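Notes follow once the structure below has been shown.
These values consider heavy atoms only, across backbone and side chains, with no hydrogens, waters or symmetry-generated copies. Keep in mind it's a predicted model, so treat the numbers as computed, not measured. The sequence lines fix the lettering, A, B, ..., with proteins before strands; numbering per chain opens at 1.
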2 protein chains.
Amino acid sequence: MRMLLIEDSDSLAQSIQVYFHNEGHPLDWVNSVEKARSSVSLESFDLLILDINLPGASGFQLLQSLRANGNRIPVLVLTARTEIDDRVSALDFGADDYLAKPFDFRELAARCRALYRRERGKASNDILCGNLVYDLATHSAKVNGRLLELRQRERQLLELFLKNLDRVLTKDDISNRLYDFNEAYTPNAIEQTLTRLRKQLANSSLIIKTIRGLGYLAHVDD
Amino acid sequence: MRMLLIEDSDSLAQSIQVYFHNEGHPLDWVNSVEKARSSVSLESFDLLILDINLPGASGFQLLQSLRANGNRIPVLVLTARTEIDDRVSALDFGADDYLAKPFDFRELAARCRALYRRERGKASNDILCGNLVYDLATHSAKVNGRLLELRQRERQLLELFLKNLDRVLTKDDISNRLYDFNEAYTPNAIEQTLTRLRKQLANSSLIIKTIRGLGYLAHVDD
DNA sequence: TATACCATGTCAGGAAGATGTCAGCTTTAT
DNA sequence: ATAAAGCTGACATCTTCCTGACATGGTATA
């Protein structure tokens, strides 16, 4: 998902950028309508996050001209004003969604995902593995609808396996993902976490197989 | 969208009626509070447009009595006065929006659309969680019919959890919602508020579970 | 203006829980 | 059969979280 943020407040923009980056979604950022125009014409984005209150040309003008030119890119409008008509005109001008400041970054991310999904026709951001469902948004796992009580490490490990189904992960691969460079630990720590994770996955269809001397491989049992 | 206009100026009312009719939204019109009362009780409207300055009983009285009887129909108030207290009292008396004369018909139409959309968007004003009832309109919570004496922060936190039942909220999610970007606080502030909220919820069926290292999850206990 | 009160954040100590280490046992490949 | 690799129960340590006590700042009241 390639996104462009059009926002003149540096601090807010940077916070959003960091948040989205941590979520695994790089985000480009420009601080004026003029720069936005050229970015949009030069590159292809999946989504625009547009602050309405910009110096110079208003965000509305950008939105209006995009639509006038037949550009259907999903646009989420941010507005500091809480008046209803601001929102109304945003939607009437062709925005796909709006959010009033101050807002929750998680909500912004959720709405972006929703818009992107709507565009792609995708169903959800869950990872499905037989009777196991992993929700990437809330980092929670369910087996047959029952929530697993995963601890941090187990969760990280599970997520890693789910993102690498049917692929062998060496202990090095795993330790690089779970631990910082300067964190000291023995290889046994991973084995221990794995034991604990396997207990949690006892009656799920996700199997973590040991490949002796090489590493581990997660696959769905049918 | 079925609307009722309560307005004593014939010429203004007729202009509005024509405008809305051309927009494709038929609009009923009465010129007194008394007629409005009977219309509202006899038929079902999606929206009222209420002029405050009416002969006889004031528009405020109508508004007040509607709300006193638990009628939550969206009401947009028109006022010729521009004083702030007029607007304030309109909202305090339960109006959903107001507009000062003279106004642009397009703005009136946009605000009506917005109110209508907003209303359709929400199924109900109450969130039910076992023995806990939260009223989104008045922001009040009751457990077994007993009103909780929530403070501002506790209320915000509760509302956040209620809107995200069975979803994990990280402390970051929570702080983004409860605090402005530039407000300084320690993570402990959230823990403290949570402790206080949990005390209030002591014998309710809403449970706020701690997910160590990740955040919190609210769910209904059965 | 002075006072009291209340909401809310900070601090600190303690409790609860998570995670790594160790040691001994089991499994696997040769 | 043997050695190497992996598994796991028990334990120690380190984190995270909870909560009572206190500080602070804002607001209502006299």
When you measure from the side-chain N and O atoms of A/Tyr179 to the phosphate of C/dG20, is any distance below 4.0 Å, counting only OP1 and OP2? yes
Given atom NZ of B/Lys209 and atom C1' of D/dC17, what is their separation to the nearest angstrom? 16 Å
Any side-chain heavy-atom pair of B/Gln192 and B/Thr195 under 4.5 Å: yes
How many Å lie between CG on B/Leu194 and C1' on C/dT10, as a whole number? 17 Å
Starting at atom CG of A/Leu157, determine the distance to atom P of D/dC7, rounded to an integer number of angstrom. 12 Å
From CD of B/Gln156 across to C1' of C/dA7 the rounded distance in Å is 12 Å
Exercise: identify the closest heavy-atom pair between A/Leu132 and A/Ala141: CD1-CB, 4.3 Å
Of the listed nucleotides C/dA7, D/dA21, C/dT28, the one nearest the side chain of B/Gln192: D/dA21
Starting at atom CD1 of B/Ile174, determine the distance to atom C1' of D/dT16, rounded to an integer number of angstrom. 15 Å
Of the candidate nucleotides D/dA5, D/dT15, D/dT8, which contains the atom at the shortest distance from the side chain of A/Glu191? D/dT8
Can you check whether A/Thr210 has a side-chain N or O nearer than 4.0 Å to OP1 or OP2 of D/dA5? no
Output yes when at least one side-chain N/O atom of A/Thr186 is less than 4.0 Å from OP1 or OP2 of C/dC22, else no. no
Look at the side chain of B/Ala189 and decide which nucleotide, out of C/dT8, C/dG9, D/dA5, has an atom nearest to it. C/dG9
Is there side-chain contact between B/Gln200 and B/Arg155, with at least one heavy-atom pair below 4.5 Å? no
Identify which nucleotide among D/dC17, C/dG9, D/dT8 has an atom closest to any side-chain atom of B/Tyr216, counting heavy atoms from C-beta outward. D/dC17
Please confirm whether the shortest side-chain N or O distance from B/Thr193 to OP1 or OP2 of C/dG9 is below 4.0 Å. yes
Look at the side chain of A/Glu149 against the base of C/dG17 and say whether a donor-acceptor pair falls under 3.5 Å; ignore hydrogens and angles. no
Exceeds 12 heavy-atom contacts within 6.0 angstrom, atom CD of A/Glu149: no
What's the closest nucleotide to the side chain of B/Arg153 if the choices are D/dC17, C/dG9, C/dT19? C/dG9
Rounded to whole Å, the CD1-P distance (A/Ile190 to D/dG6) equals 11 Å
Think A/Arg198 has a side-chain N or O under 4.0 angstrom from the OP1 or OP2 of D/dC7? yes
Selection from C/dT19, D/dT8, D/dA21 that lies nearest to any side-chain heavy atom of A/Gln152: C/dT19
May I have the distance from B/Ile208 (atom CD1) to D/dT19 (atom C1'), rounded to whole angstrom? 16 Å
Is any NZ, NE, NH1 or NH2 atom of the basic residue among B/Glu34 and B/Arg37 found under 4.0 Å from an Asp or Glu carboxylate oxygen of the other? no
Ignoring hydrogens and geometry beyond distance, is the side chain of A/Arg212 in donor-acceptor contact with the base of C/dA29 at under 3.5 Å? no
Quiz question: going by heavy-atom distance under 3.5 Å, is there a donor-acceptor pair between the base of D/dT19 and the side chain of B/Asn188? yes
Which heavy atom of B/Leu47 sits nearest a heavy atom of B/Ile73, and at what distance? N-CD1, 3.9 Å
Taken to the nearest whole Å, CG/B/Leu214 to P/C/dA18 is 12 Å
Below the 4.0 Å mark, does D/dC18 have OP1 or OP2 next to a side-chain nitrogen or oxygen of B/Thr195? no
Between D/dA5, D/dG9, C/dG9, which nucleotide gets closest to the side-chain atoms of A/Lys199? D/dG9
Look at A/Lys171 and D/dG6 and indicate whether a side-chain polar atom (N or O) is within less than 4.0 Å of OP1 or OP2. yes
Need to verify one output field. Residue with the more 5' nearest nucleotide on DNA chain D, A/Ile211 or A/Arg196? A/Ile211
